[in-house]
Each structure stands twice: as C-alpha cells, then as structure tokens.
Asker: 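Structure in structure tokens, see below.
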Amino acid sequence: MKTFGELKKNIKSHKDKKDLRELSMALLGDTATQFLRTALEGYGYELGYKTDIYESEYNVLESEIIDAASGLYEKKRDYVVIYMSAERAYDMFTKLDIPEREGFADRYISRIEGYWDTISERSEAKVIQFDLNQVASGIYGNYGNRLPSAWEYQYRRLQYLLSEAASRREGVYLMSLDAIQSGLGRKAFCDMRFYYDARMSIYTDALPEVAKSVFDIVEAADGRVKKCLVLDLDNTLWGGVIGDDGINGIELGELGNGRIYCDIQRWCLELKARGIILAVCSKNDEDVAKEPFEKHPDMLLRLDDIAVFVANWEDKAANIQYIREVLNIGMDSMVFLDDSVFERNLVREMIPDITVPELPKEPADWLEYLNKLGLFDTAVGTAGGDRTAKYREEAERRSTKRQYADVDEYLKSLQMEAVCAAFDEFHYPRIAELSQRSNQFNLRTVRYTEDQIRAIAEDDRYITLYFTLRDRFGDYGLVSCVIMKKTADREAFIDTWFMSCRVLNRGMEEFIINSVTKTASEHGVEILSAEYIPTKKNKMVEDVYERFGFEALGAGRYRLETDKYIKKNTYIRETAINNGAP
C-alpha cells in the first residue's frame, strides 16, 4: 500500500498518461475533505482511472444535495461519496436533551436516506456512503451499551439502521470506515490534534486505506471482479506434504495447525457459496492429491466443490493457463494462493494479469490478511445457484469434444435448447448480475442495477430479451441479454448486448441475432441500429455486427434493415419457458 505522500505524487506523475478510464466523482463531507480528495485522485491513478473529483465547500453537505443548482449537479457524476464523520455525529448527539437522545439514530438515518432520495431523483450517480467509525464517550462505561440514551447504544443502532437502509437501495454502497479503524487502531486512524486544528477526522496515514476501499467498490461496480480462486494443496489447504506424510500425517482438524487450515477451507467454501469458482493447481500425482478430498474426515472441501482439478508435475503457470481456458474467463479475474515463494513469483512473472497475494509466513495470519485485501468485493448479490457444477460440466464437454473430428457433428451431438423471452421478475437479479460481471462479450459495457432492469422491462419504449441455454450435459442458465430501445417510428437501437463467454462458439451468437431481428420485426421495427464501444476487454466482439450482416457506418455505429436480414445457421433449438422459469 502506498503512503499518502506517494499517492500525492501520483497526481503529478500520472496526469498526462494515456488510455486512462474517465471517472467523475463528487466528494461531500461534514468535515474537511481536501486530503481525502488527494488520496482518492492519487489512488485512482494506481488503478488506471483519471478521476475528476468535485469537492464541496467545507461543511455544506446538506445544501449541496438539496440545492438543484449546486455544483454537485452541474455535470454527470458516476459516484457521489458522502462522508459524515462520527465526531460530528457525536457533537450533535451531546447537544440534545437526555429524552431526545433515544431517537437520535433513527432521525440521523432518516436524514441520510433523504440525501439518497434527492441524489437519486436528480442524477444517475451511484452513492458511496461511509459508515461511522466508533468513537467512545466513556460517560457510562460498559453500561452505555444497554442504555438507549447513551452514545454507545445509539452508535450501534446507527450502524445497524445504516446497513438496513442500504440493503433496500439499489445504487447505494456502504464503505466501512469502522473496519479500517479497527484494523489500523484508533490512534493511527484519527489524530485528534489533526482534527482540532484542521477539522480532518481521518489522519493522512489512514487515507490510502480509505481510498482503496472506495475504489474496491468502484472496481466491483465496474465489473472488474474476481471470479476464480486457484488453490495450491500442500501447506496451503493442509499442513504437510500428502505425498510424503500420507493421509494420516497431514495437519487437519486437531492435528498440529489443523484448525488453521480448516478455517482456510471454510473461507473457501463461503466464497464458493456466493459464486466464486474454486480450482486446484498442485504439483502432485493426481490420485495422491485427491485422496484427502475423498477420505480425510476433517477435510471440509470435497471434490464436488472444485470446478477444475489439476494435479501434475508441469509448471504451475501452464496449468493455470489451462484452468483459464476451461473456465473461459480473464486472467485478471483469477486469484492464486500458494505457500511457496518460488511458485508465487513464477506465476507472477509468467502471468502478469493474475492476482497472487504475498501470503504472510505464518498461516494463522493468512485469513486476516486476505480479508483485508478485499479481493472479492462485489457490487451485486449473487443470484444463487452453484456455478461449480456448470464448470465441471464444461470440463466434460471439452473432453467429449476431442472425440469428434467435425465441429458441426459435435455441436449437433450436444442437443442444445434455448429459451428466448422478455425480461421478467424472476430473472431481474440474474440479469443485473450478468450486466455487472460481463466484460468480454459486451458490446457497450453498460452496467445496470436490479431496479434499472425492472424500470426498463416495464417501459414500453424498450424491447427486452433474455436467453438461457442447456444441452445434454447440463443447464447453463441465463447466458445473455439484449435491450433494444425504440428511437423513432419503425426504428430501434440495440442499447445493450452482453453474453457469458462460457457459451461462445456453440452457435449461441447466431441464435441470439436471429431472435433479435425476428422480435424487432414483430414489433414493427424496420431499421435496427447498433453500436460497439471498445474497452480493454471486449476486443473479441469488435466485428460481431459486421459478421452478422449489419452495415458499418463508421465510429463504431452499425445499421440493419430487418427485412433484408439472412437467418444464420445454428444447431440450437428454441424451446418454451417451463412454468415461468427456465
């Protein structure tokens, strides 16, 4: 982690760099925020963002939000960052009469929700709201935790109500200052002399951590999320070497450091439950490596939890490349854990895009370190379901494909069936999630929240389609979405088309474009226009519209007369929705 001084230098040394992503942010606070602004701008450069930050004047947060003519609304903002300090909240609390204090938290959160409502009504910006770091009053001691008129009681209620309010809002993200203060310690987080002199609640030493947490949210909302955790085995998932120590000698459960490794496995299972793919990359004989998964009573992870299991004596960089090919995801969405310094450095050197944490020497410190990194931040909740089984099915498909010399014969053998239907309530969460996660096959890379998807689906100006796919090996579930916006009489624009890369090269693109042109024609659309907006990740679809017969107009714009479209061949059969869900 760079220091505040180093982040400050970034602003001068990086401001003229090319190929930076533009980001517009407003920073509102009830204490001085100029150093926080510097940290945010400097950290943005670390990640490749050129961040235009509008900073409100000192302590005019409320008037900035309420006044429709304020600088906050002068231009389109991607994010509004709101920092309301715990010190100021405590000052407000102490000015109340004792009977009024019992309702302080409820009134304070109601005020914050009003800010969110106003911002939502007047802009499309997402809100990053800081929670309140803990400040102690010491007036009642421990008894204050159970006394409704005490600060300690109201502080805990504040934190709870803030989480409750955010859980009901699309486009509002909570950033935990309290977690940062807990990790650094109160003294490192807040120098009270600094606060009294400059009204800055967060000390400069803590600002890089705060800026990182803000950009963890930005990166997740931008779809730059980690999707896969690749695990070494010996001295990573258990203590010892299975090939030397045998199944009874490795440390798991109550043996040696066994409880540490069980907790690491439990952490992996929690990640899997929320949709992270688990893979294994081990230098081992495969049958030996699998033995603990199959036979050890204290092993929490089982083979069914692992999407791709690779154990051989090849170099780990090559094996991780193979895992990526099976999963069909970007290297920058993968994290590799290995206790070996040599293996970590090898993989970093050979695969620069993969994330390889520099694990502490002591395994007992690993989980705290990994959690602090925030590697698996997400902007949407998982729509449910177990992706592991789908990737295991994909590994089986790849194996079967080798039996066919002719690709067409192989595709026919899959017996593929797809559903094409308008967006519905059941699929809103998954559509929003796929919108946030899709980067490669994404023609315009527009991100949507669940509420925005619902609004589009209920708006007569839009034509919406989702697609599911299944074959004889299993069900992919929802794999693609298309949103068309009617722009004029008998004309429409393909606002959005994104697709899971797991179904590439199966004829799904052909099936989708056939369905899109057919549905557009049924809605009276004669001219269908489209656009490709290039990003660092979606070059694979730069010519997709031309391949399907659209006329290139230049500057990434395309046009198609629907009655002249020639239907593309595909081995996917359309099937009906089963009871409202695929």
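Quick note: numbers below take in every heavy atom, side chains included, and nothing from hydrogens, waters or symmetry partners. Positions are given from 1, in the same order as the sequence printed here.
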Asker: Would you call the rings of Y203 and F194 parallel, tilted or perpendicular, taking 30° and 60° as the class edges?
Answerer: perpendicular
Asker: Strictly below 4.0 Å, N to O, side chains only: are R302 and D305 in salt-bridge contact?
Answerer: no
Asker: Does a side-chain N-to-carboxylate-O contact under 4.0 Å join R186 and E87?
Answerer: yes
Asker: Please determine if D332 and K537 form a salt bridge, counting it only when a charged side-chain N lies under 4.0 Å from a carboxylate O.
Answerer: yes
Asker: Charged N to carboxylate O below 4.0 Å: is that the case for K9 and E6?
Answerer: no
Asker: Less than 4.0 angstrom from a charged side-chain N to a carboxylate O is my criterion; do K212 and E46 meet it?
Answerer: no
Asker: Which of parallel (below 30°), tilted (30 to 60°) and perpendicular (above 60°) describes Y43 and F215?
Answerer: tilted
Asker: Taking all non-hydrogen atoms of both residues, which atom of V80 and which atom of A125 are closest, and how far apart?
Answerer: CG2-CB, 3.8 Å
Asker: Parallel, tilted or perpendicular: which describes the rings of Y45 and H14, with under 30° parallel and over 60° perpendicular?
Answerer: tilted
Asker: Closest approach of C228 and I329, non-hydrogen atoms and distance?
Answerer: CB-CD1, 3.7 Å
Asker: Think R344 forms a cation-pi with F342, using NZ or CZ under 6.0 Å from the six-ring centre and within 45 degrees of its axis?
Answerer: no
Asker: Measure the spacing between CG of L28 and CD of E55 and express it to the nearest 0.5 Å.
Answerer: 9.5 Å
Asker: Under 3.5 Å, is there a donor-acceptor pair linking the side chains of Y155 and Q159?
Answerer: yes
Asker: Rounded to the nearest 0.5 Å, what separation is found between the CD1 atom of I242 and the CG atom of L237?
Answerer: 12.0 Å
Asker: What is the ring orientation for F130 with Y83, classed by angle as parallel under 30°, tilted 30 to 60°, or perpendicular over 60°?
Answerer: tilted
Asker: Can you spot which of F441, F467, Y532 makes a ring-ring contact (aromatic ring centres under 6.0 Å, His included) with W497?
Answerer: F441
